[in-house]
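What follows is a single structure, written as structure tokens, with notes after it.
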Amino acid sequence: MSEIIVLTREQYIEDLNRAAVLAAETVLNRFTRRNRPAMVTRAEAARLLGKSKSTIRTMIDQQRIRTTTDGKAIPYSEIERYLNENQPAA
């Protein structure tokens, strides 16, 4: 049996907007995960985290961020881990 669904203009626009935002978030999420570097330098980590290079050095010394064995690069997964652990409470 067929049904007829009636939407107001506002409901229709809201549904379209929600679908567009969800699609954009999905594409952005996939794009950023595929196009990110495996490793970053300390200077790049400072830029990504919005901190100074000396703060990054201190965080490494305190083992709050891990580096490669030679200490020259920081895995991008460490940047994500730090950001996820230090998100402000909503």
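The model shown is predicted, which means the values in this text are computed figures rather than measured ones.
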One should read off an interatomic distance between Ile65 CD1 and Tyr82 OH, to the nearest 0.5 angstrom, of 6.5 Å
Report all side-chain donor-acceptor pairs from residues 15-28 shorter than 3.5 Å, counting only partners two or more places apart or in another chain.
{"unit_1": "Arg18", "atom_1": "NH2", "unit_2": "Glu14", "atom_2": "OE2", "d": "2.7"}
{"unit_1": "Thr26", "atom_1": "OG1", "unit_2": "Leu22", "atom_2": "O", "d": "2.9"}

Arg81 meets the salt bridge (charged side-chain N to carboxylate O under 4.0 Å, His left out) criterion, sequence neighbours left out, with Glu78, Glu85
Which atom pairs, donor and acceptor, lie under 3.5 Å between side-chain atoms of residues 53-60 and protein residues at least two apart or in another chain?
{"unit_1": "Ser54", "atom_1": "OG", "unit_2": "Ser52", "atom_2": "OG", "d": "3.1"}
{"unit_1": "Thr55", "atom_1": "OG1", "unit_2": "Ser52", "atom_2": "OG", "d": "2.8"}
{"unit_1": "Thr58", "atom_1": "OG1", "unit_2": "Ser54", "atom_2": "O", "d": "3.0"}

- Task: Could you tell me whether the side chain of Arg66 and the main chain of Pro75 form a donor-acceptor pair under 3.5 Å?
- Result: no
Taken to the nearest 0.5 Å, the spacing of Leu83 CG from Glu80 CD works out to 8.0 Å
Interatomic distance, CG@Leu49 vs CD1@Ile79, rounded to 0.5 Å, equals 4.5 Å
Report task. Check step by step if side chain to side chain contact (heavy atoms under 4.5 Å, CB included) holds for Arg42 and Ile74. Result -> CA-CA 7 Å; Arg42 291 178 185 208; Ile74 299 169; 4.3 Å; yes
